Amino acid sequence: NDIVIDHVSVSRIHAIVTKENDGYYIADNNSLNGTYVNGNRITGKTRLNAGDKIIILSAKLYFDGSSVAYQISNDGLSVSAVNLSKVVTNSGIKKTIINDVSFNIESGSFVALVGGSGAGKSTLMDCLNGFRPATSGHVIVNGEDFYSNYNSYKSIIGYVPQQDVVYKNLTVEQMLSYSAELRMPSDTTPQERNARISQVIKDVSLEGKENLKISKLSGGQKKRVSIAVELLADPKLLYLDEPTSGLDPGLDKSMMELLSSLSKKGTTIVLITHATTNITLCDKVVFMGVGGRLCYCGEPSGLLEHFEVDDIPDIYKKLSIASGQDGDKILEQNARYFENKHKANSHLKDVGYMETSSTNPTKRKSVGSLRQLSILIRRYFKLIFSDLASVILMFGQAPIMLLILTTVISDETFLYHDKAKQFLFVVSSIATIMGVLNSFIEICKERDIFKREYAVNLSLSAYVLSKLIVLGIICFIQSVILCAGISIMADLPTPEIVFGSGINFFLSTYLILLAATSMGLLISAISPNTERATLYMPIIIIPQIVFSGLMFELEKIKEVISWFIVNRWGISSYGSLFNIAGIEEMSIFKDADESVIGMLDIQIPGLDMFEHSQDYLFTCWGALTLTILACLTFIYVYVKVQNKNK
């Protein structure tokens with residue numbers, strides 16, 4: 001390479017500039033984190049024009065028409081908030097959460113955002129990191145408009161939310177290993193990944209804890225693992241939301257010392273904290289007051305003098321009673337840390353910022369979806385099999401259901417319509433309920449982790465497919481156990497419509513389980529937490545019984561609803577397969593003349609669901625398959641819309 005950018009998130013050959021007859025061109029070499037020209041991520045070969053600016057993570061390159069000049073810095077990123085305001089509307093009433101806030105954060109500094117409850121600290125941080133952009137004003141990162149260039153910077157900006165975004169069933173090393181595979185370029189060698197993992201473990205002082213499950217760590221150590229995950233990509237700007245929350249004073253000091261040391265290694269660190277005992281370790285304090293107003297921005301040593309108090313807790317007391325005319329006066333006085341707004345605007349001029357940026361926000365693009373799919377599948381398997389209780393639950397359901405079925409299955413099951421239909425209803429209902437139980441909390445239980453990974457570079461399609469593939473394998477095993485056990489216990493009819501009756505029985509059972517599992521994933525996707533998913537589950541399961549077609553007569557709107565019921569198509573596929581319509585209703589009519597049966601005009605409900613033909617069986621399988629595809633599509637669209645700003 002003619003230009004070397006020494007950063008773990010830069011691919012080995014990241015981009016290529018070539019000279020052709022009609023000019024110069026640049027092409028991204030399928031890198032993980034992309035190449036940006038004038039703020040837009042390039043795909044394929046793009047022509048370069050004099051004055052074009054190329055951004056590769058924190059490196060800036062400028063094309064002058066015949067050569068490339070570049071600036072590569074290993075320092076942290078600088079951040080400027082310029083007249084930031086955030087206004088939200090609730091029930092038609094507008095509320096200002098952040099009010100015209102301006103301040104500077106220098107490269108490589110350690111900054112604390114503090115203030116009372118409701119002062120807008122979390123909102124301000126989300127305005128700075130782009131999760132919830134400000135409604136007015138600008139965020140400038142290294143002289144660039146951050147919102148317009150969000151995608152070009154997101155790979156070198158870390159964020160540790162208040163909740164631990166780690167899988168507690170994995171060991172420290174396993175968690176970091178999977179995260180490194182997802183966040184580091186695909187051409188990173190295993191040796192380089194392992195070296196980076198070892199380095200971040202050392203940076204967060206977790207040596208000797210590598211092989212411990214995260215669930216066995218203390219609260220402070222779990223937070224360090226979350227920080228280590230972000231450090232893997234060597235972020236130049238790291239945001240942390242209350243990393244010391246819940247820690248005792250000793251651990252609080254230890255965490256603050258850790259973050260202070262990390263800032264000196266080339267990472268700008270911004271954190272929210274309510275614990276101010278060790279705030280003197282910070283380089284700067286941004287103190288927010290009532291109404292989202294900036295009350296102070298400067299060194300910790302100047303806090304007490306600025307607010308004219310003897311102790312930091314007195315600042316909170318002073319601001320909390322600020323109301324009415326006197327309160328407005330206090331806020332106005334405190335807000336004059338900057339002599340006037342021209343000081344903030346002069347900073348923009350220095351960094352070459354223009355009020356009207358020529359760049360536009362670029363669409364999010366996931367890179368290496370197949371590679372991510374492989375990593376996610378391996379991680380999901382590891383998560384499942386590292387939790388013994390989950391394994392027992394998933395693979396113990398089928399044997400338990402078989403044990404229950406032994407009490408109702410008999411040799412006469414398929415001699416009578418009623419008994420045969422009862423059997424079909426019970427088996428299909430069992431498969432449906434098992435499928436929903438497989439997956440109804442699988443997405444919502446890791447929502448915080450997904451949101452963070454998706455905000456960086458996680459492919460949504462790879463994530464959803466990894467769930468279905470792993471759960472599909474589990475459904476396969478469950479189907480084998482169910483079908484083998486039932487075949488042994490019951491004398492199943494053996495008509496062959498498509499394949500052998502055993503294969504048909506397995507395929508029907510597998511599709512029922514997989515369709516129900518997809519419904520469970522849908523519940524999980526729309527549920528904000530596991531508690532809500534548990535409440536939603538009956539809403540999905542009860543219609544599977546009511547609209548199955550055997551409990552009640554279906555007509556008009558009820559018939560239409562049944563088209564979307566997995567259990568209805570599961571029962572229909574079994575009935576078609578085993579030719580339930582051909583089974584005599586009662587043994588007393590076995591030798592009776594057909595005319596006698598006709599005179600009795602016996603109506604057998606549900607026979608229209610059991611047409612014994614290849615076409616009808618394919619219709620049932622097709623309906624189950626469409627259910628799977630519809631659920632996956634809805635999950636993809638719903639999650640994408642919910643995370644459209646990430």
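Position 1 is the first residue of the sequence, and the numbers go up from there. Only this structure's heavy atoms are used, side chains among them; waters, hydrogens and symmetry mates stay out. Treat the numbers as computed from the prediction; the structure is a model and nothing was measured.
Between the side chain of W569 and the main chain of W621, no donor-acceptor pair closer than 3.5 Å is present. A donor-acceptor pair under 3.5 Å is formed between the side chain of S573 and the backbone N or O of G570. Not one N or O on the side chain of S11 forms a donor-acceptor pair closer than 3.5 Å with the backbone of S31. Although no hydrogens or angles enter the test, the distance criterion places a donor-acceptor pair under 3.5 Å between the side chain of S9 and the main chain of A233. Between the side chain of T89 and the backbone N or O of G92 there is no donor-acceptor pair closer than 3.5 Å. The main-chain N or O of L370 is never found under 3.5 Å from a side-chain atom of S374 such that the two would form a donor-acceptor pair. In this structure, S429 contributes its side chain and V426 its backbone to no donor-acceptor pair below 3.5 Å. Checked by atom type and distance alone, the side chain of T188 pairs as donor or acceptor with a backbone atom of P185 at under 3.5 Å. Looking only at distances, a side-chain donor or acceptor of Y510 sits under 3.5 Å from a matching main-chain atom of G472. Under the 3.5 Å distance criterion, the side-chain polar atoms of Q162 are left unmatched by any main-chain donor or acceptor of E242.
Inter-residue side-chain proximity for L535 and E531 is flagged as unmet; no heavy-atom pair is nearer than 4.5 Å. Taking 4.5 Å as the limit, some side-chain heavy atom of K223 sits within range of a side-chain heavy atom of V160. Put simply, the side chain of V225 does not reach to within 4.5 Å of the side chain of D164, judged on heavy atoms. At least one side-chain heavy atom of L405 sits less than 4.5 Å from a side-chain heavy atom of I430. Side-chain contact between L376 and L182 is present, with heavy atoms from C-beta onward closer than 4.5 Å. Using a 4.5 Å heavy-atom threshold, the side chains of L522 and Y638 count as separate. Counting only heavy atoms from C-beta outward, the side chains of F440 and I540 never approach each other to under 4.5 Å. S613 places none of its side-chain heavy atoms less than 4.5 Å from the side chain of L617.
Between E446 atom CD and L383 atom CG the span is 7.0 Å, to the nearest 0.5 Å. With rounding to the nearest 0.5 angstrom, the CZ atom of F450 is 8.0 Å from the CD1 atom of I443. Put simply, CD1 on I486 and OG1 on T406 are 11.5 Å apart, with the number rounded to the nearest 0.5 Å. Rounded to the nearest 0.5 Å, atoms CG (L468) and SG (C475) are 8.0 Å apart. For the atom pair OG of S390 and CD1 of I384, the computed distance is 7.5 Å after rounding to the nearest 0.5 Å. Here the CZ atom belonging to R568 is positioned 11.0 Å from the CG atom belonging to L624, to the nearest 0.5 angstrom.
Counting heavy-atom neighbours within 6.0 Å of K168 NZ, excluding the residue itself, gives a total of 12 or less. Crowding of F564 atom CZ: a count of heavy atoms from other residues, nucleotides or ligands under 6.0 Å not exceeding 12. Heavy-atom contacts from other residues, nucleotides or ligands closer than 6.0 Å to NZ of K382 number 12 or fewer. K209 NZ: 12 or fewer foreign heavy atoms inside a 6.0 Å radius. Counted within 6.0 Å of CZ on F381, heavy atoms from surrounding residues, nucleotides or ligands total more than 12; the atom is thus considered enclosed.
Contact check on R183 versus E453 returns no salt bridge, with no Lys/Arg side-chain nitrogen under 4.0 Å from an Asp/Glu carboxylate oxygen. Between E181 and R378 there is a salt bridge, with a side-chain nitrogen of the basic residue lying less than 4.0 Å from a carboxylate oxygen of the acidic one.
When all heavy atoms are compared, the tightest approach of V639 to A525 is CG2-CB, 4.3 Å. For the residue pair M394 and L471, the shortest heavy atom distance occurs at CE-CD2, 3.9 Å. Between R196 and L232, the shortest heavy-atom distance links the atoms NE-O, 3.2 Å. L577 and N504 make their closest contact through CD1-CB, 3.2 Å (heavy atoms, listed as atom of the first residue, atom of the second, distance). Residues S527 and C444 approach most closely at O-CB, 3.3 Å, considering heavy atoms. Here the shortest heavy-atom pairing between S466 and L373 reads N-CD1, 3.6 Å.
Tested against Y159, the residues F131, Y454, Y239 include a single ring-ring contact (aromatic ring centres under 6.0 Å, His included) partner, F131.
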>> Run the side chain to side chain contact (heavy atoms under 4.5 Å, CB included) test on I541 and T432 for me, step by step, so that the C-alpha distance in whole Å, both residues' side-chain angles and the decisive distance to 0.1 Å come before the verdict.
In response: CA-CA 8 Å; I541 291 179; T432 301; over 6 Å; no
> How far apart are the C-alpha atoms of Q372 and Y463, what are their side-chain angles, what is the distance that settles it, and do they pass the side chain to side chain contact (heavy atoms under 4.5 Å, CB included) test?
Replying inline: CA-CA 8 Å; Q372 288 191 6; Y463 178 78; over 6 Å; no
>> I512 vs V427, test: side chain to side chain contact (heavy atoms under 4.5 Å, CB included). Steps then yes/no.
In response: CA-CA 10 Å; I512 296 168; V427 174; over 6 Å; no
>> Pair F425, K421 - check side chain to side chain contact (heavy atoms under 4.5 Å, CB included), show working.
In response: CA-CA 6 Å; F425 174 78; K421 288 189 295 182; over 6 Å; no
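Side chains of S186 and R371: no donor on one and acceptor on the other come within 3.5 Å. A donor and an acceptor atom, one from each side chain of T509 and Y574, are located under 3.5 Å apart. Using a 3.5 Å distance cut-off with no hydrogens or angles, the side chains of Q174 and Y167 do not pair a donor with an acceptor. Side chains of N211 and T171: no donor on one and acceptor on the other come within 3.5 Å.
A perpendicular orientation is assigned to the rings of F476 and F506, their planes being inclined by more than 60° (bins at 30° and 60°).
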